[in-house]
Enquirer: 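Pasting a structure here, questions to come.
Lettering of chains follows the sequences in order, A, B, ..., and the numbering in each one begins at 1.
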Amino acid sequence: MSSLPSHADEVQLVERAKRDPAAFGELYDRHFSQIYRFVYSRVRDQSAAEDVTSEVFMKALRGIGRYQDTGRPFSAWLYQIAVNAVNDRYRSQKPTEDIDSQVAVSDRGPALDEVAILNEEVRQIWRLVETLPAPQRTAMVLKFQEDMKIDDIAAVMGKSPGAVKLLIHRGVTRIRENVGAAPRRVR
Amino acid sequence: MSPRDFGGDFEELDELFSDPEDRRLAAILTSVQAPEVTADPAFRSQLRRELMQEAWGRSERRRRKGGGAFWRALFTPPGFAWAGAVAGVVMIALVVVALSHGPGRDGTVYVTYNVDPIHPVAAVQPIEVKFSQPMDPTSTQAAVQITPATQVNFQWTDPTTLKITPASGSFAPNTQYTVNIAPTVAKTATGAAVPAVKPALFTVAPTPSPVPTPSATPSVSPTPPAAISGEHQVASGSASAMAWLPDGSALLYIAGDGRLMKASASGSAPPVAVAGPGVLRFAVSPDGSTAIFASAGAVSTVGVDGSKPNQLAAVATLAVGWSADKPEYVTDSSVVTPTGEVKLDHALAAGSAVALSPDGSRLWYGGHVLDLTSKKVSDWPSPPPTFLAWSPDSQRVLYSNASGLAVAAFDGSSPVTVSGSVVSGASWSRASLIVYSGGGGLRAIDLTAAPPNDEQVAAGEYSQPVLAPAGQNLAFARSGGIWAARLLKGTTASSAAPLDKAAAVVTSFMQARAGGSADQAQGFLDAQGRRDFTTQGGPQLLRSTTPKLSRSFTVLSGSTASGARFVERLVLADAAGKDVDQLDETLTLVTDPSGAILVDHAVDGAAFAYGGGPAVLAVTRDGNSYKVEFDSDLTPASVAGGIRLVDAAGKPLALQPSVQGRTLTLPAPAGAGPIRLVVLPGLKDKNGHGAAVEYDLDLSALAPGAAS
């Protein structure tokens with residue numbers, strides 16, 4: 001788990017980044033990996049992930065002047081841009097299809113867990129996550145993969161904390177129904 | 001993979017999941033996180049570069065709008081007001097240099113420049129190289145390479161900022177520069193070598209187009225305003241006689257091998273043989289369909305396209321012509337007309353000056369004029385003058401004597417001297433205008449003026465001028481070729497274009513071309529100009545393939561006999577915007593009858609590589625000297641062997657050049673004859689690089705008195 005600076009430090013850095021390109025570069029260095037990872041988890045294609053990640057940071061640069069600290073991590077704002085960018089991408093590429101119908105995307109590239117997680121059961125779990133409807137999947141990725149707080153996820157997704165909890169709860173329940181007892185054997 | 005420390009988020013899970021199995025699953029999802037995805041490092045770096053470039057650009061735009069960005073102070077140190085006054089500076093981070101052992105926070109040195117390839121900078125704009133870490137001045141300065149070769153001064157405004165200014169005080173206008181930091185030469189203050197760096201690329205904005213100033217020395221033979229346009233060669237070789245078809249669409253001439261040839265006025269197709277060889281003289285029928293021609297012992301007619309050859313008689317002739325649409329000819333003892341043979345009062349010797357009038361009604365022979373209808377002979381005073389031409393209406397005769405050129409009625413009455421020149425040939429195809437070659441150029445006599453006005457309309461070689469009966473086409477012989485042009489003076493169409501207004505037209509014309517607007521560009525062309533741009537192998541109006549026209553500028557401009565002349569440098573760039581090729585295009589502009597200034601003639605020079613040694617940027621004339629500006633600082637010792645001025649015959653003229661930086665000053669030779677500047681590969685820049693190819697430039701437009 002990466003060690004993040006205090007929120008006060010981050011706020012200071014963000015304020016500097018509004019005027020100082022070098023400070024924005026520092027923000028980029030801090031958050032690039034997690035944003036890229038998140039985007040990749042959603043699009044499962046390196047080229048697409050690079051396109052979306054570029055879009056995220058370019059939008060962040062152009063919009064950082066309007067960014068206001070709300071007490072949440074700066075990364076929540078970046079995730080919010082990323083979620084929208086991913087959704088926009090699917091919307092623009094296949095306007096008649098919802099992102100939920102894009103499950104097959106995960107079959108085009110190696111799943112994250114397929115790459116490094118040897119445990120068959122865990123791999124099965126993550127593959128099941130990928131089959132969830134987009135809102136559930138986004139909420140679960142942000143929660144379990146990106147380790148974000150419910151309130152921050154809610155801010156990212158533009159939903160209430162209660163709605164996010166519901167999404168996560170439904171997602172987990174659905175996975176449990178499908179995976180059966182497999183998770184118990186993970187450890 | 002190791003389970004993560006879930007920390008305080010367990011409380012959230014407890015809140016979320018009341019079912020222990022759900023909590024367990026959630027814990028597994030959290031603790032057994034998917035592995036780290038590693039982005040392509042190249043992508044990560046590239047994106048960072050793009051972001052930094054965008055960030056610097058945005059910051060600079062804010063600064064220019066009055067914002068108080070922090071780096072304003074960095075790039076505007078005390079004493080930097082000079083640079084600060086220059087508009088158009090865009091701060092863009094161009095390069096991120098990875099240092100394996102650099103002293104920076106993350107082992108990276110950022111190199112930024114205050115210039116970019118997109119925005120032209122002022123010539124006096126200093127180049128700033130900003131390093132993200134303190135640098136070693138000596139090694140860093142040694143690493144700086146500037147192309148074109150330029151002597152520069154270095155100034156460190158702080159340990160991270162290097163300011164580069166040209167020793168001459170300014171960069172060359174209209175020039176694309178690269179500033180490179182040689183790999184592994186520059187070192188940081190801690191001794192870490194900087195590896196390869198992407199160079200800075202920038203283009204210096206143009207200065208006002210050179211407009212020659214009038215010579216301070218009074219010209220013995222000042223060139224009058226432009227009167228000829230669209231000079232072009234229509235055939236090679238010599239011609240012993242030339243005549244236009246009545247509509248001026250084609251020229252018939254007797255070639256050196258004795259064939260009667262026909263050449264189109266545009267010169268767009270090779271001449272075709274009509275008759276011969278062995279043709280001695282000819283005349284075109286009034287309707288332009290047929291020619292009568294004489295060879296040794298025969299007289300014949302033929303269609304001007306070579307069809308229907310017909311021998312009229314097997315007889316030696318002294319002159320041929322037409323009476324209405326019927327041929328007639330002159331033997332040594334008679335004139336054979338359509339209505340019969342008219343006997344002469346005396347036999348004519350071979351070689352006598354004998355000429356039938358255009359309407360075939362009169363004959364000039366040795367100081368006598370025979371009216372072929374009345375059979376009356378008019379005797380001119382003795383000794384007879386030298387016959388030159390009949391007037392188009394067959395009523396008058398142009399001749400020369402010891403006093404010059406004169407015009408008189410066909411019977412010798414009412415003589416009027418129209419010029420003090422003594423010449424052996426002239427063309428009188430218009431009632432109001434006589435043209436002839438003399439005084440080092442083409443001259444015209446306006447017979448409508450009182451007294452007739454004789455003036456030079458073009459300097460240079462215009463031998464055997466022949467003006468078409470209609471339109472503006474003029475044919476002449478030059479340097480072993482047959483040329484055509486349009487005579488503007490005294491005719492009914494275009495006139496000279498004022499240089500300043502023509503310059504504005506050229507600017508708009510070139511902008512339209514650079515912008516890819518064919519329709520707009522076409523609007524600046526007259527009919528001849530359009531033909532030039534559609535001629536196979538001729539200049540291209542638009543360039544649809546790479547390299548494309550990226551910019552242009554005026555190398556030379558001035559008024560010539562042909563019109564306002566501009567030598568435009570076309571710079572062609574590759575897809576990345578880097579200049580790769582250049583060529584000079586000579587444009588001649590005239591004012592058409594409606595008053596519009598249009599490009600009447602265009603011709604391309606050969607393309608030559610960009611950045612291939614010293615290149616001429618501009619030539620101006622200042623009094624009695626030419627000032628030649630190059631894009632590179634020159635090696636003075638190379639000038640003597642690398643520069644020539646040659647006259648129209650290619651003869652080198654004496655030079656006493658002086659060099660200062662990239663500017664060469666050459667004394668302008670006396671006289672107004674055509675002069676060419678020749679740059680040879682022997683001319684070296686300060687780094688010893690020679691010009692890539694021989695280059696020459698016609699300086700005629702800068703002749704004394706030619707400037708407007």
Enquirer: Return the OG1 to CZ distance between A:T53 and B:R44, rounded to the nearest 0.5 Å.
Expert: 11.0 Å
Enquirer: Tell me the closest heavy-atom pair linking B:A55 and A:L61, and the distance in Å.
Expert: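 Looking at all heavy atoms of both residues, the closest pair is N-CD2, 3.7 Å.
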Enquirer: Working to the nearest 0.5 Å, report the span between CZ of A:F24 and CE of B:M52.
Expert: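 The CZ atom of A:F24 sits 6.5 Å away from the CE atom of B:M52.
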Enquirer: A:R16 versus chain B, heavy atoms under 4.5 Å apart: side chain, backbone, both or neither?
Expert: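 No part of it gets close to chain B.
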Enquirer: Looking at CZ of A:F32 and CG of B:L47, how far apart are the two atoms once the value is rounded to the nearest 0.5 Å?
Expert: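 The CG atom of B:L47 is 6.5 Å from CZ of A:F32, to the nearest 0.5 Å.
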Enquirer: Any chance CZ of A:R72 has more than 12 other-residue heavy atoms, nucleotides or ligands included, within less than 6.0 Å?
Expert: yes
Enquirer: What do you reckon, is CD of A:Q12 surrounded by more than 12 foreign heavy atoms closer than 6.0 Å?
Expert: no
Enquirer: Mind listing the closest non-hydrogen atom pair of B:R48 and A:E26 along with its distance?
Expert: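 It is NH2-N, 4.0 Å.
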